[in-house]
Amino acid sequence: MTDGKGRRSPADHTTDVVVLGAGPAGLVLANILLDRGIDCVVLERAGRAHVETRARAGFLAAGTVRILEAHGLADGLHRNGKLHSTCEFRTEDGRFQLDYSALGQGEQHTVYPQQDLVSDLLNRFLARGGQVRFATEAVSVQDADGERPRVSVRETDGRPVLWQGRYVAGCDGRHGAARRSLPDGVVRRHRDHGVTWLGLLAEAPPSLDAVGYAVHARGFAGHMARTSEITRYYLQCERGTPAGAWSEERIWDELDLRMRAKEFGPLLRGRIVHRSVVALESDVLEPLRHGALFLVGDSAGLISPSAAKGANLAVLEADLLARALIDDLTAGHREGLDTYSARSLAHIWRAQEFSHWMIGLLHGPSGADGESLFHNSLRRARLASLRTSRSHQDWFADHYVGV
Ligand code: RFL
């Protein structure tokens, strides 16, 4: 903001790092910074209750858990999370399980709902004196290529406020202010995978001790444990299907059919307590830095949930950026900041590649034309390799549980 003579208006608040967004990325970053005595603030558009109850991810990779442990942020997930290491594929050729703790590097997931992780991170940050401004929407990042970038913010009462920092961390997701404030030169590589899922949370215990992936002519169905009382299910649906379009009975019947419950055992039914429609899309911005503004997590790149990588990448990038900011702000070493974008992108693209491979494994065209039939035969062959080839399984395990 400038006055009538082109002078910058004075900032209302100053800090070292302005963090936009209180999701996994923003809160991991802010906790690490605060631990090292770096002054920061987290500006969050939503209210606290919303942030702590937003159900999304649940599968944390072993590397993610190690990062959280290294910063003393893993107590809750060790107390209440569950180790998990099996996935099951159900197809027209039967079913098979892979115990990935016995394959590749032998790593496991920890199943811990994202909202519980966010709640732990938030409580720890606040308990240590961290500052989070809820119901505070960042509108734009200004002067990102200058010495003192600023974030203009709309407070709850609509009042405009300016925050100034040395750096701004854009952890505010796909529709946030960080992305909106980038200059034209930033490239966005985007892919719409043409597949839509109905994402469901059922008040029902998991029905199998594995992540279930069902490949069916009627479309994909997925089963993922969350807690002993809540299970996530996915059903592929037509693009444009409203979240509320299917009755609970239809949902369970369709899940039974696609998961082949008659053949492999019943699904434990319960109330559907949450539904959302997820269009499988991916995008990556390059570079992830514009001057003093850095992109982290979903704001850096959106990844389809097919391989459960999004929250894991968010934590990994937050750790990379935190270390780089600490090096710069405590010792004047800029190298970490200079390489942040390239290092993060290397991880992001490997995760994108695997996610894309998973989409091809789990979905196929439903038509009976030559191309659809060809595609489906390829998919069948891919599943057969996974069922029978140990080297294929080792490769899968390392990519499935790693980032
Ligand atoms: P988040 O979690 O979206 O947090 C961004 C925060 O920024 C706030 N915000 C703003 N604040 C201030 N000013 C603004 N202008 C703002 N605009 C937005 C928002 O309110 C929010 O609080 O991003 P972050 O931290 O980058 O974390 C990313 C993860 O949330 C995401 O990648 C995962 O949830 C993806 N994902 C999964 N990832 C996994 O690793 N494992 C999984 O099992 C998994 N399952 C999933 C998923 C995503 C799903 N959906 C909803 C697409 C399942 C689903 C259904």
Side-chain angles (χ1 to χ4, degrees), residues 18-30 41-61 63-65 84 109-115 117-118 121-122 132-141 151-155 161 163 168-181 196-201 211 222 224-226 232-235 243 274-282 288 295-318 321 344 348 351 355 358 400-403:
V18 183
V19 179
L20 311 183
L27 290 171
V28 167
L29 176 67
V41 64
V42 180
L43 307 178
E44 167 57 50
R45 182 180 60 188
R48 181 169 179 173
H50 181 73
V51 165
E52 288 189 277
T53 52
R54 193 166 38 200
R56 298 175 93 187
F59 275 68
L60 300 177
T64 305
V65 173
H84 186 99
H109 282 115
T110 300
V111 181
Y112 192 54
Q114 179 170 322
Q115 65 272 29
L117 175 66
V118 164
L121 295 169
L122 193 56
V132 183
R133 299 283 182 114
F134 291 105
T136 297
E137 181 177 9
V139 178
S140 66
V141 182
V151 180
S152 71
V153 158
R154 206 171 10 240
E155 298 262 2
V161 166
W163 276 89
V168 177
C171 309
D172 51 348
R174 179 190 191 185
H175 301 294
R179 278 194 172 201
R180 281 200 304 274
S181 307
T196 304
W197 286 358
L198 190 55
L200 304 158
L201 282 177
V211 173
M224 280 134 222
R226 280 296 183 261
R232 190 178 260 302
Y233 285 96
Y234 291 112
L235 273 174
H274 186 264
R275 311 162 173 233
S276 59
V277 175
V278 189
L280 268 54
E281 272 185 87
S282 306
L288 302 179
L295 304 181
V296 191
D298 278 10
S299 122
L302 186 71
I303 187 159
S304 82
S306 58
K309 299 289 184 207
N312 292 290
L313 282 171
V315 171
L316 178 92
E317 292 155 33
L321 183 61
S344 298
I348 289 172
S355 244
M358 281 290 281
Y400 187 61
V401 75
V403 263

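Because the structure is a prediction, the values reported are computed rather than measured. Along the sequence shown, residues carry numbers from 1. As the structure lists them, so they are numbered: ligands from 1, and atoms in each ligand from 1.
- Residues Tyr400 and Val211 have side chains in contact (heavy-atom distance under 4.5 Å, counting atoms from C-beta outward).
- Residue-to-ligand polar distances keep Ala46 apart from ligand 1: every N/O pair is separated by 3.5 Å or more.
- Residues Arg174 and Arg179 meet the side-chain proximity criterion, which asks for heavy atoms closer than 4.5 Å.
- A heavy-atom distance below 4.5 Å is not found between the side chains of Arg45 and Asp172.
- The shell of residues lying under 4.0 angstrom from ligand 1, judged by heavy atoms, excludes Trp197.
- Residue-ligand proximity: Leu27 is placed with every non-hydrogen atom at 4.0 Å or more from ligand 1.
- The proximity of Tyr234 to ligand 1, defined as any non-hydrogen pair under 4.0 Å, is limited to the side chain.
- Backbone and side-chain nitrogen or oxygen atoms of Gly310 are examined, and one is located within less than 3.5 angstrom of a nitrogen or oxygen of ligand 1.
- For ligand 1, none of its N or O atoms has an N or O atom of Ser276 under 3.5 Å away.
- Residues Leu321 and Leu288 fail the side-chain proximity criterion, which asks for heavy atoms closer than 4.5 Å.
- At least one N or O atom of Asp298 sits closer than 3.5 Å to an N or O atom of ligand 1.
- Looking at heavy atoms from C-beta onward, Leu198 lies in side-chain contact with Val277 at the 4.5 angstrom threshold.
- Between Ala138 and ligand 1, at least one N/O pair is under 3.5 Å apart.
- Using a 4.0 angstrom heavy-atom cutoff, Cys171 counts as in contact with ligand 1.
- You'll find the side chain of Tyr234 reaches within 4.5 Å of the side chain of Met224, heavy atoms only.
- Polar contact check, Val278 against ligand 1: no nitrogen or oxygen pair lies under 3.5 Å apart.
- Checked against a 3.5 angstrom limit, the closest N/O atoms of Leu20 and ligand 1 fall outside it.
- The shortest N or O to N or O distance between Glu137 and ligand 1 is not below 3.5 Å.
- The residue Val139 has no part lying near ligand 1, judged by heavy-atom distances below 4.0 Å.
- Residue Gly58 places a heavy atom under 4.0 Å from ligand 1.
- Side chains of Leu122 and Arg48 form a contact here, defined as non-hydrogen atoms less than 4.5 Å apart.
- You'll find the side chain of Leu60 reaches within 4.5 Å of the side chain of Asn312, heavy atoms only.
- The distance criterion of under 3.5 Å between nitrogen or oxygen atoms is met by Ala25 with respect to ligand 1.
- The protein heavy atom nearest to atom 19 (C) of ligand 1 is Glu44 OE2, 3.5 Å.
- Ring-plane geometry between His109 and Phe59 is classed as perpendicular, the angle between the planes exceeding 60 degrees on a 0 to 90 degree scale with a lower cut at 30.
- Looking at Arg45, Arg56, Met224, it is Arg56 that brings a heavy atom closest to atom 47 (C) of ligand 1.
- Among the atoms of Ala311, some N or O lies under 3.5 angstrom from an N or O of ligand 1.
- A donor and an acceptor atom, one from each side chain of Ser282 and Ser304, are nowhere located under 3.5 Å apart.
- Heavy atoms of His50 found under 4.0 angstrom from ligand 1: none, in either backbone or side chain.
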